[in-house]
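No experiment lies behind these values; they were computed from the predicted model shown. Computed over heavy atoms, backbone and side chain alike; hydrogens, waters and symmetry mates excluded. So that the names make sense, note that chain A is the first sequence line, chain B the second, and so on, each numbered from 1.
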Number of protein chains: 2
Amino acid sequence: MPDGTTIIPTRRPRRRQDPERTRAAILEAACALLAKDGPEGLSVSQVAQLAKVNRGTAYQHFQTREQLLEATTTWVSEKLRRAVFGEAPVNSDVATLGDAQGVALRMAEFAMENPALGRVWLFELLASSRPASDPFWNQFKTSLEKFARSDQAQPGIDVDVHAVMVLIGTLLWPVFVRADSRSAKDRRQLVERFSNEMLRLSLQGTMRPEKFPELDAHLRAARGDKARRASAAK
Amino acid sequence: MPDGTTIIPTRRPRRRQDPERTRAAILEAACALLAKDGPEGLSVSQVAQLAKVNRGTAYQHFQTREQLLEATTTWVSEKLRRAVFGEAPVNSDVATLGDAQGVALRMAEFAMENPALGRVWLFELLASSRPASDPFWNQFKTSLEKFARSDQAQPGIDVDVHAVMVLIGTLLWPVFVRADSRSAKDRRQLVERFSNEMLRLSLQGTMRPEKFPELDAHLRAARGDKARRASAAK
DNA sequence: TTGATGATAAACAGCATTGTTGATTGATGG
DNA sequence: CCATCAATCAACAATGCTGTTTATCATCAA
């Protein structure tokens, strides 16, 4: 970052009445209410009230309730993205995947600290018509693809299926265990339980392969199909 | 009031008195609307309209909108339970776990054929204060516990975490891929993809253990902790 | 100062919903 | 055959939200 550290707030020409700040306040309030009542329960009245802003003002920033909701969702997504991947801009190809383990852990921690918010965001993503336009989902899936292509990964991972499973598991486990209404200590332990089970699953799976020879065969056959389809598509 | 002969023929033939059937019709309608609009969007008016029943009638069967929603949820849960575990009553201890593979597959198929309904039910389960009171969740978790104790399973499975992951993965994958608005053929293929990835994960995990010796050590240490806690609790 | 922009306040029509009440109808037992 | 009672229905009042509009105030830029 450039010499921005020395800049005193007086240097920057203050905005007239700081619409930016107002907008941010509205979005923050919307976030909080979204986490409390879910997307359906979000009313412009309540948002304005919580943001200490007139209802008309909210309508000036976001023409319709639906647009406010959409803006709030991507706002949350950005928050999540920063928490997991750091402050780097979206398109920076470097450091996309420092370590898969770290990404998984930071995601689990974020989810555990914001269970309701994570839940709501996830369901908006699922309901969205174009998931690919979501900042976090994009970067997350890219990073998982990179891992799957690396030599550290088992061969044959179905990245789409796997990304969905990991994402929703991580985000909904805190919801299931009621992470809100838990002590910080409990939450730490619950994150650890989840991470360990995920790690165990990643390293060992759940079934002893030697006990399921026929399934193993089936699996290899399916992988053969996939490879054949891929080469046929060329 | 004068004799009814002059009354305009807009009178709807009154439903035959059969409370059971009426109740079922209301619940079925609620199911359909639940799948379409989600729990928040469920209005008694619409339910009554779809069930071809007066709104007041619905209020007689379910005192409040909230109760209707709750009843509908367990109705769905029962449906799911039957689809996955068969018609046997809940408490029958026999045949609880014919084969874990079959359970997983039937669940995936149900989810793929009823994506919206599965999503809503799952959401209600997550929001519920006592998941243990849900018919399907109960039986599902029991069956998974049984498997984890069997000699076919890898040791050290955290059943709670794992049950949540498998359940939500199976139910939300169809939502993610927009199983509605897909052809039957597509849906079949998508079920297969999911099942294969789940199977692959169960048999092999995602990471090559030989590449992560330190993680393997960490995992064994964690398992040691758990065992120590368990023996300390005695 | 002036003009433009952001923010506030209040009021309005339209709509959908909730929950309640009293009337009506059909089944059923005596 | 009728009296009773529960199931059903139509209508009502109350509420809250949406989106729009109008008038007014505050703050900064030029």
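Between the C1' atom of dA9(C) and the CD atom of Q60(A) lies a distance of 13 Å, rounded to the nearest Å. Residue Y59(B) contributes atom OH, which lies 18 Å from atom P of dA11(D) at whole-angstrom precision. Protein atom NZ of K52(B) is 13 Å distant from nucleotide atom P of dC9(D), rounded to whole Å. Between the CD atom of Q49(A) and the P atom of dT8(C) there is a distance of 14 Å, given to the nearest Å.
For Q101(A), the side chain to side chain contact (heavy atoms under 4.5 Å, CB included) test picks out D99(A), L199(A), M207(B), L215(B), with sequence neighbours left out. Residues satisfying the side chain to side chain contact (heavy atoms under 4.5 Å, CB included) criterion with R55(B), sequence neighbours excluded, are V44(B), S45(B), A48(B), Y59(B). For S133(B), the side chain to side chain contact (heavy atoms under 4.5 Å, CB included) test picks out R130(B), with sequence neighbours left out.
Of the side-chain N and O atoms in N54(A), none sit less than 4.0 angstrom from OP1 or OP2 of dA7(C). Phosphate proximity of dC9(D) to T57(B): present, with a side-chain N or O under 4.0 Å from OP1 or OP2. Note on H61(B): every side-chain N or O is 4.0 Å or more away from OP1 and OP2 of dA7(D). A close approach under 4.0 Å does occur between a side-chain nitrogen or oxygen of T22(A) and OP1 or OP2 of dA7(C).
Under a 3.5 Å cut-off, the side chain of S202(B) and the backbone N or O of M198(B) do form a donor-acceptor pair. Side chain of R81(B) to main chain of F136(B): no donor-acceptor pair is present (N/O by atom type, distance under 3.5 Å, no hydrogens or angles). Proximity of a side-chain donor or acceptor of S77(B) to a complementary backbone N or O of T73(B) within less than 3.5 Å is not detected.
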Per-pair distances, 0.1 Å, donor-acceptor, side chain in residues 160-187 of chain A, under 3.5 Å, sequence neighbours excluded:
unit_1  : atom_1 : unit_2  : atom_2 : d
D160(A) : OD1    : K141(A) : NZ     : 3.0
D160(A) : OD2    : R193(B) : NH2    : 3.1
H162(A) : ND1    : E197(B) : OE2    : 2.9
T170(A) : OG1    : V166(A) : O      : 2.7
W173(A) : NE1    : L190(A) : O      : 3.2
R178(A) : NH1    : V175(A) : O      : 3.3
R178(A) : NH1    : L126(B) : O      : 3.3
R178(A) : NH2    : L126(B) : O      : 3.2
R178(A) : NH2    : A127(B) : O      : 3.3
R178(A) : NH2    : S128(B) : O      : 2.1
R182(A) : NE     : V177(A) : O      : 3.0
R182(A) : NH2    : V177(A) : O      : 3.1
S183(A) : OG     : D186(A) : N      : 3.1
R187(A) : NE     : E113(A) : OE1    : 3.3
R187(A) : NE     : E113(A) : OE2    : 3.2
R187(A) : NH1    : R182(A) : O      : 2.9
R187(A) : NH2    : E113(A) : OE1    : 3.3

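Taken residue by residue, residues 62-70 of chain B places heavy atoms nearer than 4.0 Å to DNA chain C at T64(B), R65(B). Within residues 37-46 of chain B, no residue approaches DNA chain D, by heavy-atom distance under 4.0 Å.
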Evaluation steps, side chain to side chain donor-acceptor pair (under 3.5 Å), between W121(A) and N114(A): CA-CA 11 Å; W121(A) 170 78; N114(A) 313 275; over 6 Å; no

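Atom CD of Q49(B) is surrounded by 12 or fewer heavy atoms from other residues, nucleotides or ligands within 6.0 Å.
Residue R55(A) places a side-chain atom within donor-acceptor reach of the base of dG19(D), judged by atom type and a 3.5 Å distance cut-off alone.
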